[in-house]
2 protein chains.
Amino acid sequence: MNFQQLRIFREAVRRNFNLTEVAGALFTSQSGVSKHMKDLEAELGVELFVRRGKRLVGLTGPGREMVPYVDRMLLDAQNLRTIATEYGGREDGALTIATTHTQARYALPRVVAAFRAACPRVHLGLYEAAPEQIAELLHEGRADIGIATEGLGDRESLAVFPFYEWHHAVIVPAGHPLERVQPLTLEAVAAYPLVTYREGFTGRERIDAAFAAAGLAPDFVLSAMDADVIRTYVELGLGVGILASMAAETTTGAGLRVLSGDNLFGRNTTWIAVSRDTYLRGYAYRFIELCDPSLDEARIRRESSSQSD
Amino acid sequence: MNFQQLRIFREAVRRNFNLTEVAGALFTSQSGVSKHMKDLEAELGVELFVRRGKRLVGLTGPGREMVPYVDRMLLDAQNLRTIATEYGGREDGALTIATTHTQARYALPRVVAAFRAACPRVHLGLYEAAPEQIAELLHEGRADIGIATEGLGDRESLAVFPFYEWHHAVIVPAGHPLERVQPLTLEAVAAYPLVTYREGFTGRERIDAAFAAAGLAPDFVLSAMDADVIRTYVELGLGVGILASMAAETTTGAGLRVLSGDNLFGRNTTWIAVSRDTYLRGYAYRFIELCDPSLDEARIRRESSSQSD
DNA sequence: GATGCTTACGATACCCGTAAAGATA
DNA sequence: TATCTTTACGGGTATCGTAAGCATC
């Protein structure tokens, strides 16, 4: 058993068992790839792949069981390299943040600016993704830090920390009747066609829950992934917009009015997540501390260590 | 980076950095061992060992950080082999139970007998150890199942399940004044020199806690690891014995009398533990089911999976 | 016929063990 | 001096890539 075999196995799983493609991805020959898999099966004494004739079409029982272990081994190999780099004393390196549009656009600019000043030699990458993908990216070690409002709590393999709380705001075109409703109520809002976030994004659950609790079934005419699209269509008069307060604050003149929705929809919490299985460079903790100074390195390390004493 | 290097690194840590000894343990040459460690350090670009002149005397910062990851990688390699064997269809294999004297002597014989009948081809090994060692053996993958009353709850890396509950009993030589005390009280017991388990064994904590709660400071004249030693010295008249009820039940004539201690000391729970990081053969689950049928394979797997999806 | 897996084979690189040298206690 | 690590070197083995053979779609 060697690491090349494990890399090939993992890549084969990811690429639907097309060994030719795997060879390309790993910059090696497909004959070598094929032999490696035969060798691994021979050493373990079990077939890992289901074959139709000569084609590989799936995993056998043992093959399926091995996937998580192989993934973790390769992740751990990466962790060793990361530890070495961290202690190499060099200040450079890469940090990948997986986050949603809303966070990247409204919450993170301040943090990113501060981080670039603090750690100028670190290559900072922002990876915009849907909430469900963020957990996956962290789990696979393809991102170091995840920041999102939903979808991070489910996995045991992630450690999550509260970042900040926020609420939703209502926006309308200038002169809209809702401007004169004081105080604003859910019933009043639900009387108009609504423009807001798609399911699974930026607290949409909270919005649905609030209407449902009030026995209302509003008409959502547009479900977007980001506030810019929502604003655009509210400006067009498609309906009344509901968006994150951080996004509403930067809503410039442009004929739009922001109505407070503090009391209409519940408060949302945006979370910071890291994988328990990924070793983080020191500057990753710096980044998190810039998000919230109470999230210091010692606390993150403590609360995210489930493995190894 | 390859597995031989990782094996050598782990063994070096375990054997106080004596590479000659490591070579012996891994059945290879010192020169190869030495070169492997140099190669690994070169590849990672960091010194792993603290050297005094040419001698290795400890781990550097990065070396220390890498230990748990290396341990886990090698454990995972073992897990792959175990999975393969499990699916090889063969019924044979090994199962190592780490447990204390008390469990091995009084609780497990019934289970072991049933298991041998159910899985005759499995080589069953009982490893008697102190409670603190049991957690370590499980964590290192040197035992599959741990059974003990204390010391298993601390580690995040272990999943624990209740096995059974029991209490302590008091034993005295026939004709002892305590025989006539009805009902038996802590005060009455504490008036005599006591013979019981050592700290950290077989519910000793519970005994101490019970006396402390009653404001008593009894005189422990002997602290043993097992019931046989306790019985022996109670017979000699050294003092009054306190031992596990399972052990008391088998106390034969021999001039000893068992007094119920049900209400004197709290109830103890004996636990079954498995490592979250170790893949278990099917028959390991059979063993646990024989301990308690409600601890079926699905439940154990579910509640011990914190890693991997 | 295009795609994809397997096998054969030669060049290369890596790993191992013996032996000798250097350093430490 | 005895113990331990490092370096040097030769033999063996494993890995890799090219190329050809052969199934599958």
Side-chain angles (χ1 to χ4, degrees), chain A residues 1-60 62-64 66 70 73-74 77 80-81, chain B residues 1-60 62-64 66 70 73-74 77 80-81:
Chain A
M1 188 187 316
N2 60 48
F3 283 102
Q4 181 71 340
Q5 291 168 345
L6 299 182
R7 269 192 296 272
I8 291 169
F9 179 75
R10 176 177 66 175
E11 208 61 28
V13 171
R14 289 187 178 168
R15 297 182 183 264
N16 268 74
F17 318 107
N18 181 330
L19 297 191
T20 306
E21 198 182 328
V22 169
L26 298 181
F27 304 102
T28 183
S29 68
Q30 120 252 47
S31 80
V33 166
S34 179
K35 183 156 188 340
H36 264 312
M37 288 303 91
K38 291 231 108 181
D39 289 349
L40 183 58
E41 288 180 319
E43 178 179 345
L44 294 174
V46 177
E47 301 235 311
L48 301 177
F49 299 102
V50 173
R51 291 171 167 79
R52 183 150 55 228
K54 272 191 174 180
R55 303 279 167 115
L56 310 193
V57 297
L59 287 172
T60 61
R64 221 172 307 116
M66 288 184 191
V70 171
M73 290 168 88
L74 292 168
L80 296 191
R81 280 183 276 271
Chain B
M1 187 186 317
N2 61 48
F3 283 103
Q4 180 71 339
Q5 292 168 347
L6 300 182
R7 269 192 296 272
I8 291 170
F9 178 75
R10 178 178 65 174
E11 209 61 29
V13 171
R14 289 187 179 169
R15 297 182 182 261
N16 267 70
F17 318 109
N18 181 330
L19 298 191
T20 305
E21 197 182 329
V22 169
L26 298 181
F27 304 101
T28 183
S29 66
Q30 306 103 317
S31 78
V33 167
S34 180
K35 183 157 190 336
H36 264 313
M37 288 303 91
K38 291 232 108 181
D39 289 349
L40 183 57
E41 289 180 319
E43 179 179 344
L44 294 174
V46 177
E47 301 234 312
L48 301 177
F49 299 102
V50 174
R51 291 172 167 78
R52 182 151 57 226
K54 272 191 172 181
R55 302 282 168 112
L56 311 193
V57 296
L59 288 172
T60 61
R64 218 171 310 117
M66 289 184 190
V70 171
M73 290 167 87
L74 292 169
L80 295 191
R81 280 183 275 270

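Letters A, B, ... are given to chains in the order of the sequence lines, protein chains preceding strands, and every chain is numbered from 1. This one's a predicted model, so the numbers in the text were calculated from it and none came from an experiment.
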For dA23(D) and R51(A) - does any side-chain N or O of the residue sit under 4.0 Å from the phosphate oxygens OP1/OP2?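 Answer no for this pair, as no side-chain N or O of R51(A) is under 4.0 Å from OP1 or OP2.
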Please report how far the helix from dG1(C)-dC25(D) to dA25(C)-dT1(D) bends, comparing the axis fitted to its first five pairs with the axis fitted to its last five, to the nearest 10 degrees.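 Result, rounded to 10 degrees: 40°.
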Provide, to the nearest angstrom, the distance between the [atom1] atom belonging to [X] and the [atom2] atom belonging to [N].
X      : N       : atom1 : atom2 : value
M37(B) : dC4(D)  : CE    : C1'   : 16 Å
K38(A) : dC16(D) : NZ    : P     : 18 Å
L40(A) : dA14(D) : CG    : P     : 16 Å
R7(A)  : dC16(D) : CZ    : C1'   : 14 Å
I8(A)  : dC5(C)  : CD1   : P     : 12 Å

For DNA chain D, find the residues of residues 17-25 of chain B with a heavy-atom distance under 4.0 Å and give them by number; none if there aren't any.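 Output list: F17(B), N18(B), L19(B), T20(B).
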Listed partners of V46(A) passing side-chain contact (heavy atoms from CB on, under 4.5 Å), at least two apart: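 side-chain contact (heavy atoms from CB on, under 4.5 Å) list for V46(A), sorted by chain: P62(A), A84(B).
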Under the side-chain contact (heavy atoms from CB on, under 4.5 Å) rule, collect the residues that match up with E11(A), sequence neighbours excluded.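 Counting only residues at least two positions away or on another chain, E11(A) forms a side-chain contact (heavy atoms from CB on, under 4.5 Å) with R14(A), R15(A), V22(A), A25(A), L26(A).
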Considering all heavy atoms, the nearest F17(A)-G58(A) contact: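 Of all heavy-atom pairs spanning F17(A) and G58(A), the closest is CE1-CA, 3.4 Å.
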Across nucleotides 14-23 of chain C, 5' to 3', mark each nucleotide with B, S or - according to how protein heavy atoms within less than 4.0 Å reach it. -SSBBB--BS
Partner residues of [X] under the side chain to side chain donor-acceptor pair (under 3.5 Å) criterion, sequence neighbours left out:
X      : result
E43(B) : none
E47(B) : none
E41(A) : R51(A)
R7(B)  : Q4(B)

Using the six-membered ring wherever Trp is involved, compare the ring planes of F9(A) and F49(A) and label them parallel, tilted or perpendicular (cut-offs 30° and 60°).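 F9(A) and F49(A): tilted rings.
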Could you tell me the separation between the CG atom of L19(A) and the CG atom of L56(A), rounded to the nearest 0.5 Å?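 It comes to 4.5 Å.
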Is the shortest side-chain heavy-atom distance between N2(A) and N2(B) below 4.5 Å?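 N2(A) does not reach N2(B) side chain to side chain.
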Can a donor-acceptor pair be found, under 3.5 Å and without considering hydrogens, that links the side chain of T28(A) to the backbone of A23(A)?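 Not confirmed, T28(A) side chain does not pair with A23(A) backbone.
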